[in-house]
Every structure is written in structure tokens, then in C-alpha cells.
Amino acid sequence: MGANSSSISELPENEYLQKLSGSEPISENDPFWNQLLSFSFTTPTNSADLKLLEEATISVCKSLVEKNPRTGNLGSLIKVFLSRTKELKISAECQNHLFIWQAHNALFIICCLLKVFISRMSEEELQLHFTYEEKAGPSSYGTECEDLIEELLCCLIQLIVEIPLLDITYSISLEAVTTLIVFLSCQLFHKEILRESIIHRYLMHGRCLPYTSRLVKTLLYNFIRQERSPPPGTHVFQQQTDGGGLLYGIASGVATGLWTVFTLGGVGSKASAQLEQCSPLASQSLLLLLVLANLTDTPDTPNPYRQAIMSFKNTQDNTAFSSSNPHAFQINFNSLYTALCDQQKSDQATLLLYMLLHQNSNVRTYVLARTDIENLVLPILEILYHVEERNSHHVYMALIILLILTEDDGFNRSIHEVILKNITWYAERVLTEISLGSLLILVVIRTIQYNMTRTRDKYLHTNCLAALANMSAQFRSLHQYAAQRIISLFSLLSKKHNKVLEQATQSLRGSLGSNDSPLPDYAQDLNVIEEVIRMMLEIINSCLTNSLHHNPNLVYALLYKRDLFEQFRTHPSFQDIMQNIDLVISFFSSRLEQAGADLSVERVLEIIKQGAVALPKDRLRKFPELKFKYVEEEQPEEFFIPYVWSLVYNSAVALYWNPRDIQLFTMDSG
């Protein structure tokens, strides 16, 4: 680390950086730019590298912030980059490493500078730094003012959508995606949600607008392909044997020593661990897609990136696009489905799946029609199963995905037909063979129990119970363990109910004649627990009235724990729903008594199966069908925008922000 550290400490004195941030304007045609841009480095792979760089070069950046309004050197650098990108497509086709290499280096410096500028100034101030005045000539009295932000944004989007993804273009494609994220990162430095933003306006109107659907499509395909970065060195210009003049000398000599900061590596940050597992371009593209999709609508225009996400179709779909939708495009749904199934370990892939299921009816219809739905559902269940290891937002998204899926009766039927063998991650009990439906019930019930003892989040309870309720009429051949867990959960709830009732009674007695502090709100606790008990009774009732003959194990579990339900028969909140459960318990208890004592489990199940045919269904009271639909709360951006940016902050490849500067969320919310 010694040599690296000394190189980093030398960066503020580096003559090229000093000249860039100095008092003298540098023309875009100056040979200086060839010298500045001729360094070789491996693109940083973790935020630790960037942190060291930022700390070392802060004096350079401060100097540039101070002097750039007069020198316009940032503008000159951007113009140099823009002129180089005009030839990028041809350079890629001709394998012109040198051209791509210098364009990449220019963009890397722009991105580093932008990140510091954006964290330290308002958008209005930033815009001034992008505005340059160019003298038309010695005798000219006029000046031509131009705003470079839109031109740069448009150029970055064109680069992403038009440059073919090859080994030599991988790094510059990744850098373009990263720079767009940096452009949008002004949100990180505001507590409130940005609804009016110069950058947003450029991205949603004007020259960028025609590229909306192509950008969304390219970012989705980057996520789908999961292209790994090429081996180090494949994108870097190699020195020629003849020495190659000034440019090559700079690359292999001065710059190599000065820019060793970029090759530190091995620090072991989150980002570097992530890079080992997946594609940095896929990861960064997904983050940019989520940021774009969650930009707020403007008063006159809905977010065009969200519109594109809502409306794209399968490449197999031959129906015509609506002429009124300029954002429509097609993508291969099979490839998308496979990528979504494979990537659910990450928050951002789960968030993408949620957005697609919730907002794009074409994707939702396709997913629900898949005959291998277990490939998608199992990773979601695994997220919920490991609830204590996941952040709460990831758990919410997984749960809401299940709720959206359970709105479909076809899904609720089909999951009981999928038989799974040996679920290795389910540790409570060995499950050698179980239906996907029964496993889903087990995991959701486990989530409710975890929530009852730890987080006590009413929102989580509500969504878990809603998913079970949606499924209840289609419960089929429930695994005996799943049936037991349904009744065990009810047992837990009734114990909790009794405990809260007892606490309320004792508290009331103790408070008579006492002027102590106010009583805890046991009435509210009691109300919440009774709502949950009511819902559980409705779920059991729904199964008994709609599919009792398909679920002997549930009837068995109900009879085994029949005493649990005694206290609720006369309770005013549960009397109506208890009628059917009481009738079923009485009917089957009577048949078991007639069959004699000491019956084996097999014999009891046989009697239940026979009794299910004989049960007079007309005596069961009809209740409205249990159906819950997920609806986003008002102003969903208040939840999603901080969540998306916390993912960017924690997961973006080679991006570092000083945690003390972040205003949008607290550091533990990611």
C-alpha cells in the first residue's frame, strides 16, 4: 500500500490536473487533452477506491469549482468527449482501441468531477458551470451561449443504446450508465422528494425523449444478458513496439504512476463482492432503470420511462401497438423471466419484478401463464423465509409480489399441483415432498409469527393475511404440516388475545383510585389482535366451505385442537364466522365418537374423507368471497424513491458518496 498511498498523495500536485483546475482557459483543440486522457487503469471496482481518490483530489475539485466559471475548462473537457463520441460506433466496428480508450477516460474524469459538483451545489449553480461563452473571433462583439447538459445527457443515452456491447466497449458503456446515475444523484442531497429538477426535465423532454423506450429496452437487455466484464486489459490500449510517440509515452510512463489509485482493488467492499458474482453492467443498468422509472411525473407529462415499463410487449406478441403510445416496444419475455428467476437474491431484482407485475399487464399475464411458476415463487419464498437477514423493504416487496400473484385464481389452483422435493433451505422440518401451495402457506405463516414476536408491523400482517385469504378457497390437498401450522398460528393468536385481555383487566383494577401515569392502550392492542383472529377464522371458514373435501388434513388439525375455538363461539366479534367452523367440528366429532376409541391417524383421516361427502353443504352459511387486491398507497414515491436511492448508495458499482452528505435517508435504512 505504501507506493499506492504516495501516488494518491501526489495527485493534487499532478501537472495535468492542476492545469485543468487552474486559471487558464484550455481550448478544446489543445494537445493537452491527449496528454490528460492517455492513462491506463482498470475501472474501479469498489467504493473504497473512489473514497481514496475523492479525498486526495478534493483540492483539485475545489479549485475547478472556483475557477471553472471563468475558464470554462469543464465545458472544454465535455466538448472534447462529445467530439470523440461521434466516431465511437465506427471505432467499435473497426476495433479502434485507442479512440474508445480516450473517450472512456474523458467520461471517467467527467463522471468523477460531476459527482463532486452535484454533491456541493444546487442544480442552478451546476447549470452555470455547464454554460460556456465562446468568442466567435477577435473582431466579434457577440457571444454564443450554449447549455451543455442536455447535449451530454443525450450523448450518454445514444452511447448506451447505439454502441454495440463488445469487450472493448464494455467499460465505456458501464461508464455512461454510471454517469447518468451520477447526474440524477442530486436527489441524495435533499430530504424531500425532488418534483422539479433541471436534469429530470432534460431527460423527460426535448432531445432525450425520443430515446426513452430504446433506453429502457437496452437497460432491460443489459440486466437480462448479465454480461460479465472482460478480463482486465482487454479494453485498454496496448503500447506499440515502436514506442508510438508522445501519446504512448504518457500512457506507459507518467500517467501509469499517477493513476495507480484506480488499480487498488482487493479492499473487499460490498460492490467488489457483488462484482465477483454478477455483471457490473447488468447491476448498474438495473439501478439506473429503477431510478428512471421512479422519477416523479411533471404537471404536464407522466414519466415516459415508467410509461415504457408499463407498456412493452413480448416479442412473440403479434398484436399491433396502439398508435397513441410512443413508448411501446417488444422484448423477449422468456429471457426476462429467466433473468428475474435467477436474480431474486438482490433487492433491486425483486423491486423490478414487483414493478413489472404491478404495472405491466402483459408481463403479469405471461408470468401467470408459465407452467414453471415455481422457478419464480421459490426464490421469493426464500427471501421471506430468511426474513431476519433481509431488510424490511426487500421483505415487503417479496410479500406484495405474492399478494399480486394470489389475486389470480388460476395461480391459486396451479400452485397446489406443483410437487416439490427436498426443500433444503427450509430448516424447521424435513420436507421430502410438498406442494408449492403448502410451502407458500408455511412460509407466509412463519413470516406472520416472526412479525408477531419481533417487528410487530401491522402492514406486514395485513399483506400476509391477505395473500392467505386470496388462496383459501382454492386450498387443495394441504400437507399435514401446513394444516397444523394454520391451526398453530390460530393457537398463538388466541393465547396472545387472552394475555392482552388479562393485562387490560389487571391494569384497569390497578388504576382504580390511582392518579399515576396514563394506562397503556390495551384497547387498541386488543382491537388489532381481534382483527387478525377474525381474519384467520375467515380463512379457515373459506377453506371449509369451498374445498373441505380436498383438505382432510386441515379438518384433522381442526378436530385435534377443537378446544381452542370454544372461547370464540359466543364472542360477539366472531359468533357469525364461528357457526360454520362449529358445525364442521360437531359433525366430524360425532362421526369419530361413533367409530369408537383409540383410532389410528389413518383411520381418522379415512372417516374424515367419508364424512366430507356426507356433510350437508346447505347447512353451511355463505359468506362473501375473500378477495384482496394490492393497491399502492397515495404518493408511493415517498416510499420508493428513498428505497431506490438506498439501493444505489449500497450497491452501485464503483460509486462512493460521503455518508455525511446524504439527506434523503438515514444510513441504516438501506
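Source: prediction; values computed, not measured.
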Heavy atoms of other groups near K345 NZ, more than 12 under 6.0 Å: no
Side chains of T178 and Q284, donor plus acceptor under 3.5 Å: yes
I415 side chain reached by S435 side chain, heavy atoms, under 4.5 Å: no
Pairs touching residues 190-210 that satisfy ring pair (Phe, Tyr, Trp, His ring centres under 6.0 Å), sequence neighbours left out: none
D372 and N375 side chains, donor-acceptor separation under 3.5 Å: yes
Over 12 foreign heavy atoms within 6.0 Å of CD, E196: no
Centroid-centroid distance, Y305 to Y211, less than 6.0 Å: no
Pairwise distance OH(Y630) to CD1(I404) - rounded to 0.5 angstrom: 6.5 Å
Lys/Arg-Asp/Glu bridge criterion (N-O < 4.0 Å) met for E637, R306: no
Ion pair E150/R207, N-O distance below 4.0 Å: no
Plane angle bin for H393 and F639 - parallel if under 30°, tilted between 30 and 60°, otherwise perpendicular: tilted
Close aromatic pair by centroid cut-off 6.0 Å: F183 and F117: no
Listed partners of S119 passing side-chain hydrogen bond (donor to acceptor under 3.5 Å, both in side chains), at least two apart: none
Donor-acceptor side-chain pairing of S185 and Y649 below 3.5 angstrom: no
Under 3.5 Å, which donor-acceptor pairs do the side chains of residues 378-389 form with other protein atoms, sequence neighbours left out?
residue: Y385; atom: OH; partner: A427; partner atom: N; Å: 2.7
residue: Y385; atom: OH; partner: E428; partner atom: OE1; Å: 2.4

